[in-house]
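Small disclaimer: the values here were computed from a predicted structure and weren't measured.
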Amino acid sequence: MRYVVTGAAGFIGSHLAEALQSAGHDVVGIDAFTDYYDPALKEENARGLDVRRLDLATDELDFAGFDGVFHLAGRPGVRSFGDVFPQYLRDNVLATQRVFETAVRDGVRVVFASSSSVYGETERYPTPEDTPPRPLSPYGITKLTGEQLARAYASGFGLDAVVLRYFNAFGPRQRPDMAFTRIGLALASGGSFTVHGDGEQSRGWTYVSDVVDATILAMQRGSGTYNVGGAHEVSLREAIAQFERISGRTLDVREDAAVPGDQRRTNADTTRIRGELGWEPRVGVEEGLQAEWDWACARVAAR
């Protein structure tokens with residue numbers, strides 16, 4: 001098969017492109033190598049992959065001859081209020097609309113990576129897909145808009161699309177602004193880590209290889225919308241304690257105010273994806289944190 005992976009130099013995108021390539025597929029990556037974080041890290045992620053520099057919001061797109069598009073590109077992060085919001089509109093809404101427009105024209109199936117941020121604070125945990133979305137951040141609003149665009153293009157123009165709501169992916173190559181990356185690097189280098197809020201905010205953490213497996217299954221035989229979430233919900237304080245046990249070190253923890261738009265809790269009901277696609281998360285939090293700790297140590301040693 002021939003696939004396009006947008007955001008192929010990012011955290012999940014690079015793991016996905018590698019997995020598809022290892023399975024014998026022809027993979028073309030697309031990435032704008034934006035400066036949301038150091039582009040050199042993205043260059044490192046893209047090593048060994050065919051990743052082409054394209055801006056989905058402005059450059060000409062052509063998916064003819066491909067069997068599917070994995071649309072993972074986007075501007076991440078709940079700190080999306082204020083002056084940065086136009087960039088979220090550009091990278092998450094306009095770019096996604098152009099991907100769907102091109103996919104319709106070229107008759108290509110799309111898997112769209114959405115986010116648990118679309119849910120906001122809900123009354124149901126674990127949270128099923130039919131829960132009314134109430135995003136708390138502009139980022140979450142733009143991801144929900146992407147979902148609605150997928151439905152509009154499906155209804156109006158026959159777009160063949162599957163929506164995946166990722167729940168807090170982690171593992172090696174995780175973005176440098178993410179909590180687990182910052183904890184691991186702080187422990188490995190002797191630095192400090194700032195907890196925003198009381199640290200009791202919890203997440204249904206999902207190891208990156210499990211996210212990749214779910215994403216490939218969705219392309220093969222998925223339909224509609226699926227949660228992709230790990231089997232274990234862990235608070236930030238609990239995660240810090242696990243990192244300390246794994247590393248044998250004590251983290252220098254600082255405290256600061258909570259971040260506006262940050263959800264108090266996420267936990268995925270994965271009944272639908274398990275039943276329809278046979279997907280099961282295989283990597284637990286502690287095993288995944290061990291892999292991320294090993295990666296953090298290697299990064300610090302290479303400096």
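Checked by atom type and distance alone, the side chain of Arg221 pairs as donor or acceptor with a backbone atom of Leu277 at under 3.5 Å. Formation of a donor-acceptor pair under 3.5 Å by the Asp177 side chain with backbone atoms of Tyr37 is not found in this model. Listed for the Gln201 side chain is no donor-acceptor partner under 3.5 Å among the backbone atoms of Leu236. Judged by distance alone, the side chain of Thr181 and the main-chain N or O of Arg175 form a donor-acceptor pair under 3.5 Å. Side-chain atoms of Thr127 do not come within 3.5 Å of backbone N or O of Ala268 as any donor-acceptor pair. In this structure a side-chain-to-backbone donor-acceptor pair under 3.5 Å is present from Ser80 to Tyr139. No donor-acceptor pair closer than 3.5 Å links the side chain of Arg265 to the backbone N or O of Glu233. In terms of modelled atom types and a separation under 3.5 Å, the side chain of Thr6 and the main chain of Ala73 share a donor-acceptor contact. With Trp279 contributing its side chain and Asp210 its backbone, the two residues share a donor-acceptor pair below 3.5 Å. Remark: side-chain polar atoms of Gln21 are not paired, donor with acceptor, to backbone N or O of Val27 under 3.5 angstrom.
Of all heavy-atom pairs between Trp293 and Ser247, the closest is CZ2-CB, 3.4 Å. Nearest heavy-atom pair across Leu20 and Phe70 is CD1-CE1, 3.6 Å. The minimum heavy-atom distance between Val110 and Ala103, with the atom names listed, is CG2-CB, 3.5 Å. Closest of all the heavy-atom pairs between Ser192 and Ala186 is O-CB, 3.6 Å. Nearest heavy-atom pair across Pro135 and Gly140 is CB-C, 3.6 Å. Considering all non-hydrogen atoms of both residues, Leu187 and Arg249 come closest at O-NH1, 2.9 Å.
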Practice prompt. Given side-chain contact (heavy atoms from CB on, under 4.5 Å), test Leu56 with Leu61 step by step and report yes or no.
Written response: CA-CA 7 Å; Leu56 296 173; Leu61 305 179; 3.8 Å; yes

Worksheet entry | Residue pair Asn168, Ser116: steps toward the side-chain contact (heavy atoms from CB on, under 4.5 Å) verdict | CA-CA 8 Å; Asn168 305 99; Ser116 60; 4.0 Å; yes

Worksheet item: Where do Phe112 and Leu149 land on the side-chain contact (heavy atoms from CB on, under 4.5 Å) test, with the steps shown first?
Response: CA-CA 11 Å; Phe112 171 59; Leu149 281 169; over 6 Å; no

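Between Glu43 and Val51, every side-chain heavy-atom pair lies at or beyond the 4.5 Å cut-off. Residues Leu41 and Pro176 form a side-chain contact, since some pair of their non-hydrogen atoms from C-beta on lies under 4.5 Å apart. Taking the side chain as every heavy atom from C-beta outward, Gln220 and Val162 never approach each other to under 4.5 Å. Between Leu16 and Val211 the shortest side-chain heavy-atom distance does not fall below 4.5 Å. Pro281 has its side chain out of reach of Thr206: every pair of non-hydrogen atoms, C-beta onward, lies at least 4.5 Å apart. A heavy-atom distance below 4.5 Å is not found between the side chains of Phe66 and Asp26. Between Leu136 and Val78, the closest side-chain pair of non-hydrogen atoms is not below 4.5 Å. In this structure, Met178 and Pro76 have side chains that are not in contact, with every pair of non-hydrogen atoms separated by 4.5 Å or more.
Ion pair Asp59/Arg98 not flagged as a salt bridge, since none of the NZ, NE, NH1 or NH2 atoms sits closer than 4.0 Å to an Asp/Glu carboxylate oxygen. Under a 4.0 Å N-O distance rule, the pair Glu244/Arg237 does not qualify as a salt bridge.
In this structure, Val212 is a member of the same hydrophobic cluster as Phe11, with clusters built from ILVMFWY side-chain heavy atoms closer than 4.5 Å. At a threshold of 4.5 Å between side-chain heavy atoms, the hydrophobic network of Ile, Leu, Val, Met, Phe, Trp and Tyr places Met1 and Ile216 in one connected group. Each of Leu185 and Val195 belongs to its own hydrophobic cluster when Ile, Leu, Val, Met, Phe, Trp and Tyr are linked at side-chain heavy-atom distances under 4.5 angstrom. Taken together through direct or relayed side-chain contacts under 4.5 Å among Ile, Leu, Val, Met, Phe, Trp and Tyr, Leu289 and Val208 form part of one hydrophobic cluster. Cluster annotation: Ile246 is connected to Val234 through the hydrophobic network of ILVMFWY side chains, with a link wherever side-chain heavy atoms come within less than 4.5 Å.
Within the cation-pi definition used here (under 6.0 Å to the ring centroid, within 45° of the axis), Arg75 does not qualify as a partner of Tyr36.
For residues 87-97, the pairs satisfying side-chain hydrogen bond (donor to acceptor under 3.5 Å, both in side chains) are Asp55-Arg90, His71-Thr96, Gln87-Asp91, Asn92-Thr142, Gln97-Glu101, Gln97-Tyr153, with sequence neighbours left out. A ring-ring contact (aromatic ring centres under 6.0 Å, His included) check over residues 187-211, counting only residues at least two apart or in different chains, returns the pairs Phe170-Tyr207, Phe180-Trp205. Sorted by first and then second residue, the side-chain hydrogen bond (donor to acceptor under 3.5 Å, both in side chains) pairs involving residues 155-167 (not counting sequence neighbours) are Arg109-Asp160, Tyr119-Arg165, Glu147-Arg165, Tyr166-Thr215.
Interatomic distance, Arg124 CZ to Thr131 OG1, rounded to the nearest 0.5 Å: 4.5 Å. Put simply, CZ on Arg105 and OG1 on Thr102 are 5.0 Å apart, with the number rounded to the nearest 0.5 Å. Interatomic distance, Arg134 CZ to Leu144 CG, rounded to the nearest 0.5 Å: 12.0 Å. For the atom pair CD1 of Ile12 and OG of Ser209, the computed distance is 11.5 Å after rounding to the nearest 0.5 Å. Atom OG in Ser117 sits 9.5 Å away from atom NZ in Lys143 (nearest 0.5 Å). The line from CD of Glu121 to CD of Gln263 is 6.0 Å long, rounded to the nearest 0.5 Å.
In this model, a donor atom of one side chain and an acceptor atom of the other lie less than 3.5 Å apart for Arg173 and Ser14.
Surrounding CZ of Arg52 are at most 12 heavy atoms belonging to other residues, nucleotides or ligands under 6.0 Å away. For Phe157, the CZ atom sits in a loose shell: 12 or fewer heavy atoms of surrounding residues, nucleotides or ligands are nearer than 6.0 Å. The number of heavy-atom neighbours closer than 6.0 Å to CZ of Arg282, taken from other residues, nucleotides and ligands shown, is 12 or below. Residue-environment remark: CG (Asp35) stays at or below the threshold of 12 foreign heavy atoms within 6.0 Å.
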